[in-house]
Amino acid sequence: MQKHVILADNIDSTQIRYFVGYKDDGGFCEAFWTFDPWRARWVDAVEAAVEVKLLATLCPNYQLKSCSLDVIGNLKA
């Protein structure tokens, strides 16, 4: 199965961010991002779709989508 990363585009930023993971201390949950797609969390397409929906509630100012690693590799080439 093809792996995907989650991309976030913020209106205030020109750089795309890639989802790394969460920090959850029980009372507060924070999403972590990187500018390097190869350091992002790689997930299956189905899991990526679920994560995008969850992240949309945590990060309402971001436009979120998932993208396959094949596409990311072609963009960086």
Exercise. Quick one: are I6 and Y62 in side-chain contact, heavy atoms under 4.5 Å?
Worked result: no

Exercise. For the rings on Y18 and W38, is their centre-to-centre separation under 6.0 Å?
Worked result: no

For this session: Using a 4.5 Å cut-off on heavy atoms from C-beta on, say whether the side chain of L54 contacts that of Y22.
Result: yes

For this session: Not counting sequence neighbours, which residues clear side-chain contact (heavy atoms from CB on, under 4.5 Å) with V20? List them please.
Result: F32, T34

Exercise. Which atoms form the tightest heavy-atom contact between V5 and P37, and what is the distance?
Worked result: CG1-O, 4.2 Å

For this session: Establish whether V43 and W33 are linked, either directly or via other cluster members, by ILVMFWY side-chain heavy-atom contacts under 4.5 Å.
Result: no

Seminar exercise, completed: Rounded to the nearest 0.5 Å, the CG atom of L58 sits from the CD atom of E51 at a distance of 9.5 Å

Exercise. How many angstroms lie between SG in C67 and NZ in K3, if you round to the nearest 0.5 Å?
Worked result: 15.0 Å

Problem set entry | Atom of L64, atom of A8 and distance for their closest heavy-atom approach | CD2-CB, 3.5 Å

Exercise. By side-chain hydrogen bond (donor to acceptor under 3.5 Å, both in side chains), which residues pair with E47, not counting sequence neighbours?
Worked result: R41

Exercise. For the residue pair S66 and L7, what are the closest heavy atoms and their distance?
Worked result: C-CD1, 4.4 Å

Seminar exercise, completed: To the nearest 0.5 Å, atom NE2 of H4 lies from atom CG of D44 at 9.0 Å

Problem set entry | L55 versus A31, closest heavy-atom pair with distance | CD2-CB, 3.8 Å

